[in-house]
Amino acid sequence: MSRQLAELLVKDRYISTQQLMDASTTVGKDGRGYIKHFVEKKIISDIKLMQYLGQKFGMTSVPLSKFEVPAETISLVPVDLARKCACIPIQTAKGVTLVVATYDPTSIPLLDEIKFRTKMNVEAVLTNYSAYEAAVAKYYGGMAGSSALIDQFKKDQAKDQAKDGVGQGGGVEALGLVQVHNIDPVGASESDAPVIQFVNSIFSEAIKKGASDIHIEPYEKRFRVRLRIDGVLTEVAQVPLEMKRAVIARFKIMSRMDIAETRVPQDGRIKLMHGGGEVDFRVNSMPTLFGEKIVLRMLSKGNLQLDLQKLGFEAGQLEVFKKGIYSPNGMVLVTGPTGSGKTTTLYSALSELNKITDNLSTAEDPVEYNLEGINQVQVQKEVGLTFASVLRALLRQDPDTVLVGEIRDYETAEVAIQAALTGHLVLSTLHTNDAPSTITRLMNMGIEPFLVVSSLNTVVAQRLVRRLCVKCVVDQAVPTERLIEMGFAASRAPSIRPKVGKGCNACGNTGYKGRISIFEVLDFSPTLKEMVLAGQSVLDLRKQAIRDGMQSLRMSALNKVADGVTTLEEALSITMEN
């Protein structure tokens with residue numbers, strides 16, 4: 001540590017003038033032994049010093065013991081240079097940026113020498129002195145550090161591995177080399193940094209409450225955490241602003257993102273061990289006006305329902321859907337907004353079709369769940385692995401059924417339709433508001449009407465509605481006239497007894513617990529195909545589909561109200577009038 005930094009500690013009253021004078025008589029003439037003196041003499045603690053430096057210099061601090069630095073990264077900076085610059089390399093980004101951890105921000109000007117040697121941009125993050133010494137001892141061997149530090153580092157690593165599940169059947173996941181982190185309270189340690197404990201508590205709360213998403217949101221004067229529970233965002237914590245950088249850095253470290261890059265969005269994954277089971281999170285960071293916002297989508301295999309019978313299809317709808325997916329060829333499309341359950345529906349269809357006699361393959365972005373017996377491909381646009389290119393390759397793999405994560409453009413739509421026309425079953429998603437609009441959406445992409453008519457079997461539009469909490473459900477008095485006005489048939493309305501949830505501890509006083517799908521299943525009948533070729537409007541197609549027996553999303557939602565599954569208010573808020 002430099003004399004300059006020692007004097008800053010005196011100025012800010014973290015140490016006394018006398019303590020500085022005492023240190024001056026023991027440290028080397030270059031002044032870089034001050035921190036060792038202060039920490040070993042317990043004049044100031046490692047953690048307190050790191051917090052002070054982080055605030056003073058506006059640097060992100062990282063738990064260095066959590067990093068496993070590749071040998072090729074360490075080799076970029078020799079030990080003598082690491083000692084001279086009081087830093088250690090921990091991460092490279094795209095081969096152009098080197099992230100180093102330092103315990104002394106005043107040494108940052110020396111990083112120009114590393115930049116010159118490596119021909120890379122150098123970004124610095126903050127760590128504490130003990131962690132730095134232990135890391136140097138670990139990665140540079142006997143060239144630096146005392147045996148005591150090495151022993152302590154090994155003890156810390158053993159604790160970290162026990163907590164993170166290393167050596168317990170986890171450690172590394174094939175998809176993205178995701179490290180498994182154990183966040184069970186029984187594995188927690190009082191020595192864990194407050195930031196680590198706080199982030200673990202966020203994960204625990206999200207899993208306990210069955211949240212689908214976690215939002216970490218920085219603003220000018222506050223920093224909040226929200227959970228999406230049953231489709232509704234709820235604020236669960238206000239975080240002190242001084243913890244903002246550290247909390248965001250922790251999420252990025254866990255998801256293997258570049259912690260030095262804050263200017264562009266990044267994607268990552270986190271795998272957790274909690275309650276004896278694994279929970280995956282898909283993570284995205286996005287730069288906002290006051291810092292990076294982190295959103296995590298929970299991908300819990302325990303919550304994945306792959307039974308078509310339990311998704312919410314009504315008997316007639318399920319019959320039409322199964323007719324579509326059991327066709328030897330053609331396309332089945334599922335439409336709806338993000339978070340409406342499309343992936344679960346398609347995975348359920350794949351599970352239904354997953355037989356040892358068939359070859360099932362997928363092209364996804366991202367692959368959300370690993371399905372046994374199905375060949376799944378992760379789309380990577382940065383290397384030219386697009387939906388269209390993957391689909392073309394899959395067609396040379398002797399497929400029976402192909403799932404395309406999403407049809408986003410003409411090229412993907414064209415290849416998917418050609419696959420459907422050449423003897424393959426193609427499952428995919430599209431973003432439209434209802435089922436009949438899917439037909440015109442394909443034509444708007446540039447697909448000829450005759451190709452749409454020849455290839456399309458079935459279209460499913462879906463939404464998720466909140467289920468009533470079974471522990472606090474009661475009858476709701478609604479006039480018959482109101483029920484008729486909302487869409488119930490006049491002959492049926494008098495017998496309908498809508499329900500509502502009073503709110504209890506089991507549902508967090510919301511009256512709802514869990515969600516269920518509602519569907520609009522369109523069987524592309526010969527009559528509809530003739531109307532498409534004749535250039536009929538979406539409105540005309542919709543009217544004909546309903547005459548053919550299609551239940552609209554509003555009808556499906558009202559059936560759930562009649563069955564006591566959801567409330568009238570929820571059904572009306574999620575769907576539009578017929």
For Val377, enumerate each residue passing the side chain to side chain contact (heavy atoms under 4.5 Å, CB included) test, keeping only those at least two apart in sequence or located in another chain.
Leu385, Val390, Leu394
Pairing residues for Ser255 by the side chain to side chain contact (heavy atoms under 4.5 Å, CB included) criterion, not counting sequence neighbours:
Met257, Ile270, Val283
Give a yes-or-no answer on whether the side chains of Gln476 and Glu569 include a donor-acceptor pair shorter than 3.5 Å.
yes
Only pairs at least two apart or in different chains count here, so list each salt bridge (Lys or Arg N to Asp or Glu O under 4.0 Å) that has a residue in [range].
range            : answer
residues 406-429 : Asp365-Arg408, Arg392-Glu411, Glu406-Arg408
residues 370-381 : none
residues 429-439 : Asp434-Arg542

Only distances under 3.5 Å count here; give the side-chain donor-acceptor pairs of residues 444-456 to other protein atoms, sequence neighbours excluded, each with its distance to 0.1 Å.
| unit_1 | atom_1 | unit_2 | atom_2 | d |
| --- | --- | --- | --- | --- |
| Asn444 | ND2 | Thr440 | O | 3.3 |
| Ser454 | OG | Phe450 | O | 2.7 |
| Ser455 | OG | Leu451 | O | 2.8 |

Pairing residues for Gln91 by the side-chain hydrogen bond (donor to acceptor under 3.5 Å, both in side chains) criterion, not counting sequence neighbours:
none
When you measure from the side chain of Ser437 to the backbone of Thr432, do you find a donor-acceptor pair of N or O atoms at a distance under 3.5 Å?
no
Not counting sequence neighbours, which residues clear ring-ring contact (aromatic ring centres under 6.0 Å, His included) with Phe488? List them please.
none
List for me each residue that meets ring-ring contact (aromatic ring centres under 6.0 Å, His included) alongside Phe519, sequence neighbours excluded, and say none if there are none.
Phe313
Enumerate the ring pair (Phe, Tyr, Trp, His ring centres under 6.0 Å) contacts for [range], please, sequence neighbours excluded, ordered by first and then second residue.
range            : result
residues 403-445 : none
residues 454-476 : none
residues 323-342 : none

Gap separating the CG atom of Leu296 from the CG atom of Asn284, nearest 0.5 angstrom
9.0 Å
